[in-house]
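The next block holds one structure in the form of structure tokens; read it before the comments.
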Amino acid sequence: KNEVEQSPQNLTAQEGEFITINCSYSVGISALHWLQQHPGGGIVSLFMLSSGKKKHGRLIATINIQEKHSSLHITASHPRDSAVYICAVRSLGNQFYFGTGTSLTVIP
Amino acid sequence: EPEVTQTPSHQVTQMGQEVILRCVPISNHLYFYWYRQILGQKVEFLVSFYNNEISEKSEIFDDQFSVERPDGSNFTLKIRSTKLEDSAMYFCASSESGETQYFGPGTRLLVL
């Protein structure tokens with residue numbers, strides 16, 4: 001079973017487009033993380049959310065706890081944003097569950 | 001900028017052998033984690049460690065696995081008797097407060 005589901009699995013965008021990646025989860029959580037995984041495999045933490053909205057540069061993350069849903073938005077996308085974006089949750093039992101990731105390609 | 005480091009970057013071992021994967025977390029961090037990612041699959045949680053003991057572990061983290069903080073700086077993951085299905089990228093992460101985690105570059109383990 002998948003505790004965390006992401007959509008879409010793959011996304012191709014033109015440079016400058018506004019991008020949205022969605023994450024739904026089925027367990028009670030204490031926190032949700034958005035991560036970026038580069039082609040070489042390295043993982044970078046983008047956001048940790050437990051409520052509301054966070055913004056960092058061109059990235060915005062929102063979470064709706066009642067609906068068990070989070071979105072990651074990228075404004076004015078750029079080819080360097082090309083990566084796999086992963087949603088992960090920390091359950092109330094302090095287990096971590098990861099989505100399968102959304103592979104984003106931004107074309108110049 | 002401080003970063004999490006992991007050694008070795010690659011390890012090849014024979015099935016049944018013991019391996020130790022090493023991580024040096026960021027120096028003032030108190031929470032440590034191990035994850036694995038089998039090629040082409042999603043990241044999976046193995047274990048979290050705080051205050052010199054395991055705080056949580058997943059179903060994957062069975063008796064073949066152990067973690068240790070032997071000297072106050074290193075954080076190790078030992079697999080006692082490797083199986084073919086242990087082949088994966090293993091990521092260490094650390095956190096100052098248990099919130100934002102900083103990931104190491106990973107160790108790619110190949111079991112033959």
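On a predicted model such as this, the values are computed, not experimentally measured, just so you know. Chain letters run A, B, ... following the sequence lines, proteins first and then strands; every chain starts at 1.
- Defined by atom type and a distance below 3.5 Å, a donor-acceptor pair is present between the side-chain atoms of A/Q37 and B/Q37.
- For A/F47 and A/H33, the ring centers are positioned 6.0 Å apart or more.
- Along residues 45-58 of chain B, the residues that come nearer than 4.5 angstrom to chain A, judged on non-hydrogen atoms, are B/F45, B/E56, B/K57, B/S58 in order of number.
- Side-chain contact, B/T76 with B/N74: no donor N or O sits under 3.5 Å from an acceptor N or O.
- Taking the charged nitrogens against the carboxylate oxygens, B/E44 and B/R36 do have a contact shorter than 4.0 Å, which makes a salt bridge.
- Ring pair B/Y35/B/F91: centre-to-centre distance not below 6.0 Å.
- The closest side-chain donor-acceptor pair between A/R90 and A/S30 falls under 3.5 angstrom.
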Between A/I29 and A/I63, is a side-chain contact (heavy atoms from CB on, under 4.5 Å) present by the stated rule, with each step listed?
CA-CA 11 Å; A/I29 69 166; A/I63 188 168; 4.0 Å; yes
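- Ring pair B/Y33/A/F96: centre-to-centre distance below 6.0 Å.
- Contact count versus chain A (heavy atoms, under 4.5 Å) is highest, among B/E99, B/Q101, B/M89, for B/E99.
- Residues of residues 99-108 of chain A lying under 4.5 angstrom from chain B, judged on non-hydrogen atoms, are A/G99, A/T100 in numerical order.
- With 3.5 Å as the limit, one finds no donor-acceptor pair spanning the side chains of B/S95 and B/H29.
- Clustering ILVMFWY residues whenever any of their side-chain heavy atoms sit less than 4.5 angstrom apart, transitively, puts B/L77 in the very cluster that holds B/L84.
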